[in-house]
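Note sheet for the following structure.
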Amino acid sequence: MPATGDGRAPGATGSPGAPGGARPGHAQERSAPEAPAHGCAPDRAPTPGQHPARPPERRADRRSDRPAKATAPIPHPRSKAAAGPAPSTGPAAPPVTARLKLLVIEDDATDAQLLKAAVADSGAPIEIHWTRGLDQAFGLLAPTSSGSRRGRSRGGDPGRGGDFSCVLLDLAAPADLPHPSDPSDGLEGLHELLRRAPHTAVVVLTDAAGAELGAAAVAAGAQDFLIKNETDGPLLARALRYAVERKRADESQRRLVEAELRGQENARLQRHLLPTPLLDGANLSFTRRYRPGRRRALLGGDFYDAVRTDDGTVHVVIGDVCGHGPDEAALGVALRIAWRTLVFAGLTGETLLTTLQHVLEHERRSDEIFATLCMLVIEPADAGAPGAVERARLYLAGHPPPLLLGEDHTPIGLPAEHAGPALGLLPCDDGQAVWPSHIFELRRGWRLLLYTDGLIEGRIGAGSRRLGQDGLAELIGDHQSAGLTRGRLIDSAIAEVEELNGGALTDDVAVLLLERNPAQLILG
């Protein structure tokens, strides 16, 4: 087949029926009369007595006064873009097949011309580029873009190369590789091609005596093999299309497997991020909710935990690593595990928080990463003292304070005057970062609501006003007055916060409800 000057087969540069690369139907649109400046383009030439800018509905009414004509039914809903004369009722045109961009690696110019002639005989829209060896082919394959990685030909500039849908490799072509992977099997060129262009379909050519070599090439990663003397134009075109579709299916399967593996990894990470509290013998109910801020995300940077030590003291923590995603979630897991380990080692208060900041400083990927944290230490009441009450110590590291839910349905925000900086913002060895405690009493039937700032930073309406801590306290009080408790209380509160925000919250949200009960109850 004679070359066209740019290495492409004749008739393969445009879609059939659309000269110059125009999409089908555009030629009719260009031939329609130009629309007046003050109106829309009419869907047909204006007739005498009819205003050219009259809306289509009124034109349809006026045409109804005329003698009836056999016209095609108007589909509903009607398209806004007028479309020229009524479509022909003749046979529908065959669908236009997407052009396939093929790179042929063949050292024999005669064989290359035979391949081009075979493509021309097939009538398939295939754009051929020919190279004599792998070195020149790798230069064309180097700028591979996302379009070819997905098995789609985007019709790139022939001078620039890249974006090839398929490569046709003659196994007899010399590889000329400085370090062949396995020269003993005769497929060293194929191995290097698959390494350089892992997302492009590959079909190999062999002679009649090399059928076994062709099968070995398919086993090595090629999509198909063809025997030179037994391949005509239709068979070649069909094999190339099959190879492209098979490669696309393989890529889809690979991405699906990768997504499943990521989901399994995220699930394992999430199990560490959302632990089971160790509150045996504490006689507390523990209700928690966790929602990552990003859509379809499994993980966020929020974390929490609660444990009871041998002396009966209950330790609770909730924190928030700045940012979203697996990196922040992994850091949250590290901080949560470190916090639990330090608690069981006997550390508490500022000593614990100082050590936890050191963990953060060593584990974070950059100095800009920090974490806010709220920690509660609830000391058991003296069982022998009449009217004894429990006491709690609150430590805040740049985190919003909890709400103390009273029996009169009036939540009280605990003070934040003694809050220290977020972990990782200031150095703690020289005394710049300190976290003093706030001590308060817990009366009978107490309930504490701990949360991350994602719950209070949602907007109220279309303006810039945020819900804030006062707004959350009022909202929780209303839901308490409606008789909601525990999980229903948290779920309804989150749902209303999202409704006020006008949609899902952008930040991660973690909420804990800890309350005194005569018997231990841990709720999900």
Side-chain angles (χ1 to χ4, degrees), residues 276-289 304-319 339 343 348-349 373-396 399-419 435-452 455-456 469-494 510-524:
T276 300
L278 303 180
L279 295 175
D280 291 343
N283 297 330
L284 295 173
S285 72
F286 186 90
T287 310
R288 70 270 198 183
R289 293 292 185 269
Y304 61 80
D305 204 352
V307 298
R308 179 180 180 268
T309 51
D310 293 338
D311 60 358
T313 303
V314 174
H315 305 258
V316 185
V317 68
I318 187 169
W339 178 87
V343 168
T348 187
L373 184 140
C374 170
M375 184 172 67
L376 278 172
V377 180
I378 303 173
E379 301 170 354
D382 187 357
V389 297
E390 295 177 275
R391 293 181 181 273
R393 285 178 283 131
L394 172 65
Y395 298 87
L396 296 175
H399 200 88
L403 291 178
L404 182 60
L405 310 186
E407 296 182 354
D408 59 352
H409 303 155
T410 305
I412 300 173
L414 295 177
E417 289 81 3
H418 301 284
W435 299 277
S437 64
H438 169 70
I439 302 176
F440 61 98
E441 294 184 349
L442 295 172
R443 300 294 177 178
R444 182 177 179 178
W446 58 265
R447 286 177 291 176
L448 281 168
L449 185 73
L450 294 80
Y451 54 92
T452 55
L455 189 63
I456 60 175
Q469 299 176 36
D470 294 337
L472 177 63
E474 181 180 353
L475 185 149
I476 293 293
D478 292 342
H479 287 254
Q480 278 188 281
S481 301
L484 300 179
T485 60
R486 295 178 180 166
R488 294 178 61 195
L489 175 63
I490 298 178
D491 291 338
S492 62
I494 294 177
V511 183
L512 308 180
L513 181 58
L514 192 68
E515 55 187 311
R516 172 61 65 200
N517 285 290
Q520 180 188 3
L521 180 63
I522 298 179
L523 303 176

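Values below: every heavy atom of this structure, side chains too, minus hydrogens, waters and symmetry copies. Everything numeric here is computed off the predicted structure, so don't read it as measured data.
Once rounded to the nearest 0.5 Å, the distance linking CG of L449 with CD1 of I490 reads 6.0 Å. The CZ atom of R393 sits 11.0 Å away from the CD1 atom of I378 when rounded to the nearest 0.5 Å. The distance from atom CZ of R447 to atom CG of L403, rounded to the nearest 0.5 Å, is 11.5 Å. The structure places NE2 of H399 at 7.5 Å from CG of L373, a figure rounded to the nearest 0.5 Å. Here the CG atom belonging to L284 is positioned 5.0 Å from the CG atom belonging to L514, to the nearest 0.5 angstrom. With values rounded to the nearest 0.5 angstrom, E379 atom CD is found 10.0 Å from E390 atom CD.
Side-chain contact between V316 and Y304 is absent, with no heavy atoms from C-beta onward closer than 4.5 Å. Residues E515 and R486 are in side-chain contact: their nearest non-hydrogen atoms beyond the backbone lie under 4.5 Å apart. Taking 4.5 Å as the limit, every side-chain heavy atom of L489 sits out of range of all side-chain heavy atoms of T287. By the 4.5 Å heavy-atom criterion applied to side chains, F440 and I412 are not counted as neighbours. Contact annotation: the side chain of L448 approaches that of L404 to within less than 4.5 Å [non-hydrogen atoms, C-beta and beyond].
Counting all heavy atoms, side chain and backbone alike, P400 lies closest to Q469 at CB-NE2, 4.0 Å. The two residues L512 and V317 have their closest heavy-atom pair at CD1-O, 4.0 Å. Contact record, P415 with L394: O-CD2, 4.1 Å, taken as the closest heavy-atom pair. Counting all heavy atoms, side chain and backbone alike, P411 lies closest to L405 at CB-CD2, 3.7 Å. Annotation for D305 and P277: closest pair OD1-CA, 4.4 Å, computed over non-hydrogen atoms. Nearest heavy atoms, W435 versus L396: CD1-O, 3.5 Å.
Side-chain N or O atoms of T452 include one that pairs as donor or acceptor with a backbone N or O of A510 at under 3.5 Å. Judged by distance alone, with hydrogens and angles left aside, the side-chain atoms of Y451 form a donor-acceptor pair with the main-chain N or O of P401 at under 3.5 Å. Counting only distance, with no hydrogens or angles, the side chain of T313 and the backbone of T309 share no donor-acceptor pair below 3.5 Å. Judged by distance alone, with hydrogens and angles left aside, the side-chain atoms of R516 form a donor-acceptor pair with the main-chain N or O of N283 at under 3.5 Å.
Taking the six-membered ring where the residue is Trp, H315 and W339 present perpendicular rings, their angle passing 60° and hence far from 30°.
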V389/R443 under side chain to side chain contact (heavy atoms under 4.5 Å, CB included): CA gap, chis, key distance, verdict: CA-CA 6 Å; V389 297; R443 300 294 177 178; 3.4 Å; yes

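For D311, the CG atom sits in a packed shell: over 12 heavy atoms of surrounding residues, nucleotides or ligands are nearer than 6.0 Å. Enclosure of atom CG in D478 by more than 12 non-hydrogen atoms of other residues, nucleotides or ligands within 6.0 angstrom is indicated.
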